[in-house]
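Keep in mind the model is a prediction, meaning the values are calculated, not measured.
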Amino acid sequence: MKRKLIGLLLCVAMTATMLSGCGSKGDAPADAPAADAPAEAPAESSDDAEADADAPAASGDVITIGFAQVGHESDWRTASTKSCQDVFSAENGYDLQFVDCDNDSAVQLEAVRGFIEQDVDYIIIDPIVSTGWDTVLTECEDAGIPVIIIDRTIEDSDKYVSWVGSNFKTEGLAAGEWLKAYAAEKGITEINALVIEGSTGASATIGRTEGFKEIADREGWTIVDSQSGDFTQDGGAEVMESYCKSYEGKFNVVVCQNDNEAFGAMDAMKQAGVSYGVNGDVILISFDACTAGLEFVKSGDINADFECNPLAAPFVEEVIKTLASGGTPEKEVYMEEHWFVNEDIISSIEVNGETQNLTVVTDDIIAAQY
């Protein structure tokens with residue numbers, strides 16, 4: 001389907017702006033407030049209901065979407081990919097052209113240029129790195145193809161219609177505020193933390209690092225070392241093995257910037273005879289909160305896990321519907337997220353002046369997670 005034809009059909013068929021915003025986790029715990037409130041959906045009128053029948057994926061025409069994904073390095077990434085494949089399926093009226101870029105930014109740029117050559121209707125990018133995008137996004141703009149960014153952010157260009165994702169710095173701040181409250185509750189007066197960062201240059205790495213460091217600097221904690229584990233289990237294990245040898249007995253907190261790194265760090269600490277988690281010598285903090293991550297929170301191996309919601313596709317589809325109806329979508333769309341813990345000793349934390357609840361992990365919560 002070509003964009004000019006779509007625009008003509010929709011101008012004739014649509015008389016109202018379609019419903020925008022949708023929840024990504026119908027089974028998420030009702031009493032756990034969002035860390036960053038998702039975009040609110042406007043009230044649906046009868047005209048809106050009629051317009052939904054003419055939504056892009058329901059119009060009878062096939063919408064072609066190019067999706068340049070980071071890779072397949074983690075459980076989180078797998079869930080992100082599946083979200084897009086489920087929503088932008090042939091059954092829903094889409095033709096999804098998917099490229100796994102295997103964490104290679106050059107491959108990702110070429111994938112986007114390939115989508116331009118195919119004259120797709122929309123392009124979705126989860127950027128491997130946050131810079132080096134202005135030229136190719138200008139090419140997309142010149143071709144008249146709207147670009148939607150998900151998950152990680154782009155810092156050197158604004159030539160995209162919307163970004164859908166998480167506030168990574170807020171995640172890092174939340175981890176720091178939780179650690180402050182947890183240490184006070186446990187009577188821990190000195191924090192010596194090791195950080196296993198994500199992929200170098202990724203906005204998730206930058207935001208989580210900045211957020212946690214801001215609290216560490218404020219509280220006078222020591223960040224003993226901070227190295228990249230590249231968001232992988234092998235990377236987390238390799239870095240943690242080195243840490244255990246270099247800093248034996250000199251740390252009491254390990255911060256892993258995703259669950260897979262935490263799994264690797266756990267393996268390395270077991271091998272080194274270092275106890276961790278609830279009642280261990282080392283407090284273990286993670287991010288993402290995938291199903292396996294929450295299972296380790298419930299078992300007490302991970303003390304706290306800060307969610308990064310991977311299910312962006314339903315929000316992206318609402319952006320596409322808004323564009324197709326002639327509307328202007330929000331430039332930034334934040335998804336709903338929660339902070340998960342093992343122990344029911346702290347009910348909430350203050351992040352950026354806002355009270356945010358902590359959710360104790362149960363079997364029901366694990367069953368509802370991605």
**Q** Give a yes or no on whether I223 and I191 share a hydrophobic cluster (residues Ile, Leu, Val, Met, Phe, Trp, Tyr; joining criterion: side-chain heavy atoms under 4.5 Å apart).
**A** yes

**Q** Any chance CD of E238 has more than 12 other-residue heavy atoms, nucleotides or ligands included, within less than 6.0 Å?
**A** no

**Q** Measuring from atom CG of N260 to atom CD1 of I196, what distance do you get when rounded to the nearest 0.5 angstrom?
**A** 12.0 Å

**Q** Would you check, one step at a time, whether the test side chain to side chain contact (heavy atoms under 4.5 Å, CB included) holds for S199 with D230?
**A** CA-CA 4 Å; S199 301; D230 211 24; 2.7 Å; yes

**Q** Take a 6.0 Å sphere around NZ of K245 and say whether it holds more than 12 heavy atoms from other residues, nucleotides or ligands.
**A** no

**Q** Walk me through it: do F67 and Q85 pass the test side chain to side chain contact (heavy atoms under 4.5 Å, CB included)?
**A** CA-CA 10 Å; F67 178 25; Q85 291 172 334; over 6 Å; no

**Q** Side chain of Y370, backbone of N309: donor and acceptor closer than 3.5 Å?
**A** no

**Q** Indicate the atoms forming the closest heavy-atom contact of A202 with F231, along with that distance.
**A** CB-CE1, 4.3 Å

**Q** Considering all heavy atoms of both residues, which atom of V282 and which atom of N303 are nearest to each other, and what is their separation?
**A** O-OD1, 4.2 Å

**Q** Could you tell me whether a side-chain N or O of D259 sits under 3.5 Å from a main-chain N or O of C290, the two making a donor and an acceptor?
**A** yes

**Q** Would you please say whether a donor-acceptor pair under 3.5 Å links the side chains of T64 and Q118?
**A** no

**Q** Please tell me if the side chains of T359 and I365 come closer than 4.5 Å, counting only heavy atoms from C-beta onward.
**A** yes

**Q** Decide, yes or no, whether a salt bridge links E210 with K213 under the criterion of side-chain N to carboxylate O below 4.0 Å.
**A** no

**Q** Parallel, tilted or perpendicular for F88 and Y94, by the 30°/60° rule?
**A** perpendicular

**Q** Using side-chain heavy atoms (C-beta onward) and a distance below 4.5 Å, is I116 in contact with I123?
**A** yes

**Q** Evaluate salt bridge (charged side-chain N to carboxylate O under 4.0 Å, His left out) for R218 paired with E177, printing each intermediate quantity in order.
**A** CA-CA 11 Å; R218 187 193 72 193; E177 295 289 8; 3.0 Å; yes

**Q** Assess the side chains of S299 and D301: does a donor N or O sit below 3.5 Å from an acceptor N or O?
**A** yes

**Q** Is a side-chain N or O of T222 found less than 3.5 angstrom from the main chain of N192, in a donor-acceptor match?
**A** no

**Q** Are the side chain of S166 and the backbone N or O of F168 linked by a donor-acceptor pair below 3.5 Å?
**A** no

**Q** Under 3.5 Å, is there a donor-acceptor pair between the side chain of S80 and the main chain of W76?
**A** no

**Q** What do you reckon, is NZ of K250 surrounded by more than 12 foreign heavy atoms closer than 6.0 Å?
**A** no

**Q** I'd like to know if the side chain of T205 reaches the main chain of G201, judged simply by a donor and an acceptor atom lying under 3.5 Å from each other, with no hydrogens or angles considered.
**A** no

**Q** For residues 262-275, dump all side-chain donor-acceptor pairs below 3.5 Å to protein atoms at least two apart in sequence or in another chain.
**A**
residue	atom	partner	partner atom	Å
D267	OD2	Q233	NE2	3.4
S275	OG	D281	N	2.9
S275	OG	D281	OD2	3.1

**Q** Whether R113 and E117 form a salt bridge (side-chain N of Lys/Arg under 4.0 Å from carboxylate O of Asp/Glu) is what I want to check.
**A** no

**Q** Treat each ILVMFWY residue as a node, draw an edge where side-chain heavy atoms are under 4.5 Å apart, and state whether I206 and V70 are in one component.
**A** no

**Q** Quick one: do T131 and D156 satisfy side-chain hydrogen bond (donor to acceptor under 3.5 Å, both in side chains)? Show the steps, please.
**A** CA-CA 5 Å; T131 58; D156 63 347; 5.2 Å; no

**Q** Can you tell if the side chain of C101 reaches within under 4.5 Å of the side chain of I128, non-hydrogen atoms only?
**A** yes

**Q** Distance alone, cut at 3.5 Å: any donor-acceptor contact between the side chains of N357 and S348?
**A** no

**Q** Is there a donor-acceptor pair under 3.5 Å between the side chain of W163 and the backbone N or O of D151?
**A** yes

**Q** Within a reach of under 6.0 Å around CG of D142, are more than 12 heavy atoms found that belong to other residues, nucleotides or ligands?
**A** yes

**Q** Below 4.5 Å, heavy atoms only, C-beta onward: do S162 and P146 meet side chain to side chain?
**A** no

**Q** Are the side chains of W133 and V112 in contact, using a 4.5 Å heavy-atom criterion?
**A** yes

**Q** If we ignore angles and hydrogens, is there a donor and acceptor under 3.5 Å between the side chains of E197 and S226?
**A** yes

**Q** Mind checking whether F306 and F287 have parallel, tilted or perpendicular rings, split at 30° and 60°?
**A** tilted

**Q** Is a donor from one side chain sitting under 3.5 angstrom from an acceptor on the other, for Q257 and T209?
**A** yes

**Q** Would D126 and R77 satisfy side chain to side chain contact (heavy atoms under 4.5 Å, CB included), going step by step from the backbone distance to the final call?
**A** CA-CA 10 Å; D126 191 334; R77 190 68 53 200; 2.6 Å; yes

**Q** In this structure, are over 12 heavy atoms from other groups packed under 6.0 Å from E248 atom CD?
**A** no

**Q** Test I215 against L173 for side chain to side chain contact (heavy atoms under 4.5 Å, CB included), laying out the working first.
**A** CA-CA 7 Å; I215 306 302; L173 290 169; 3.8 Å; yes

**Q** Assign the ring pair H338 / F340 to parallel, tilted or perpendicular, where the plane angle (0 to 90°) is split at 30° and 60°.
**A** tilted

**Q** Count I, L, V, M, F, W, Y as connected when their side-chain heavy atoms are under 4.5 Å apart, and connections chain through other members. Are F98 and I150 then in the same cluster?
**A** yes

**Q** I want to check something: taking the side chain as every heavy atom from C-beta on, are L358 and W178 in contact at a cut-off of under 4.5 Å?
**A** yes

**Q** Out of curiosity, does I346 fall in the hydrophobic cluster containing W221 (side-chain heavy atoms, cut-off under 4.5 Å, transitive links)?
**A** yes

